[in-house]
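Below: one structure, written as C-alpha cells.
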Amino acid sequence: QSTWGDTSLSVMEGSDTHYSRWGDDGGRNDEESLLRNQQDIMSAQDEGLDALLGSVQRQKALGTAMGTELDQQNKILDRVDAHVGKTSTRIDKETKRVIILTNKVKGSGFLIGFVLLVGIIITVVVVMKKKK
C-alpha cells in the first residue's frame, strides 16, 4: 500500500516488510534532490525545445521566401515562353516567304533573287529590332 507522502512501500497489504524509497533518512533529502534533478532536466529540455522552435521558425520563413521567389520566376518564364512562341511563329512565316521567293527567283535570275532576299532579311531584322 502506497501514498505520495509515505516514505516506505509495503510489498503486500498486511505485510510487515517495508522498503525505503530513496535512503535511510526517511527519503526526504533524496526526494528533494530527485525533484531538483527533474526540474533541472525539464529546464534543459525547455531550453532545447526553445532552440528547436527558433530553428523551425527560421526554416519556415526560408521556405516561404523560396516559394514566393519560385512563383515570381515561374511567371517570368511563362512570359518568356509566350514571347518565344510568337517569335517562332513569325520566323516560320518568314521562312516560308523566303522559300516561295527563292523558287520564283530561280526562273528570273540569280541577281534579282539575291537582291530581294537581302532586302527581305534587312526588313525582318529592322522589324524585329523595332518590336524589342
Side-chain angles (χ1 to χ4, degrees):
Q1 173 176 354
S2 171
T3 60
W4 179 252
D6 190 13
T7 59
S8 62
L9 178 65
S10 294
V11 174
M12 298 172 34
E13 190 173 337
S15 171
D16 62 347
T17 305
H18 297 280
Y19 295 97
S20 176
R21 282 191 178 184
W22 306 112
D24 294 334
D25 61 354
R28 181 169 297 282
N29 287 337
D30 286 336
E31 286 177 3
E32 290 172 3
S33 173
L34 178 64
L35 182 60
R36 279 192 305 272
N37 188 30
Q38 287 175 340
Q39 289 172 339
D40 291 343
I41 291 171
M42 288 174 62
S43 292
Q45 288 174 344
D46 285 345
E47 289 174 10
L49 288 173
D50 288 342
L52 180 61
L53 174 64
S55 176
V56 169
Q57 287 173 334
R58 286 188 301 275
Q59 289 179 355
K60 178 186 175 189
L62 283 172
T64 301
M66 288 171 63
T68 301
E69 180 67 24
L70 287 173
D71 288 343
Q72 291 173 352
Q73 289 183 10
N74 280 334
K75 289 176 184 175
I76 292 169
L77 288 174
D78 289 341
R79 288 192 301 261
V80 168
D81 185 49
H83 184 69
V84 166
K86 289 177 185 177
T87 303
S88 177
T89 301
R90 281 190 273 158
I91 289 174
D92 289 343
K93 287 179 183 178
E94 292 302 321
T95 302
K96 288 177 184 176
R97 287 176 54 188
V98 168
I99 291 171
I100 292 169
L101 181 62
T102 303
N103 289 336
K104 288 181 180 179
V105 169
K106 282 182 184 177
S108 304
F110 179 74
L111 185 56
I112 295 172
F114 181 74
V115 171
L116 289 174
L117 187 57
V118 170
I120 290 174
I121 291 173
I122 291 172
T123 304
V124 169
V125 170
V126 169
V127 168
M128 290 257 206
K129 283 190 176 187
K130 284 183 179 179
K131 289 192 177 190
K132 282 186 181 181

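Computed from a prediction, not measured in an experiment: that's the story for all the values here.
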Passing candidate, side chain to side chain contact (heavy atoms under 4.5 Å, CB included) with Val118, options Leu116, Ile121, Ile120, Ile122: Ile122
From Leu77 CG over to Gln73 CD, what is the distance, rounded to the nearest 0.5 angstrom? 7.0 Å
Which distance, rounded to the nearest 0.5 Å, do you find between the CG of Asp71 and the CE of Met66? 12.0 Å
Give, for atom CG of Leu34 and atom CD1 of Ile41, the distance between the pair rounded to the nearest 0.5 Å. 8.5 Å
Using only atom types and a distance under 3.5 Å, with no angle test, would you say the side chain of Ser88 pairs donor to acceptor with the backbone of Val84? no
Quick check for you: to the nearest 0.5 Å, what is the distance between Asp81 atom CG and Ile76 atom CD1? 13.5 Å
Under 3.5 Å, sequence neighbours excluded: what are the donor-acceptor pairs made by side chains of residues 45-63?
from  : atom 1 : to    : atom 2 : distance (Å)
Arg58 : NH1    : Gly54 : O      : 3.4

If you measure from NZ on Lys93 to CD1 on Ile91, what distance do you get to the nearest 0.5 Å? 12.5 Å
Is any side-chain heavy atom of Val124 closer than 4.5 Å to one of Arg90? no
Arg97 atom CZ, neighbour heavy-atom count above 12 within 6.0 Å: no
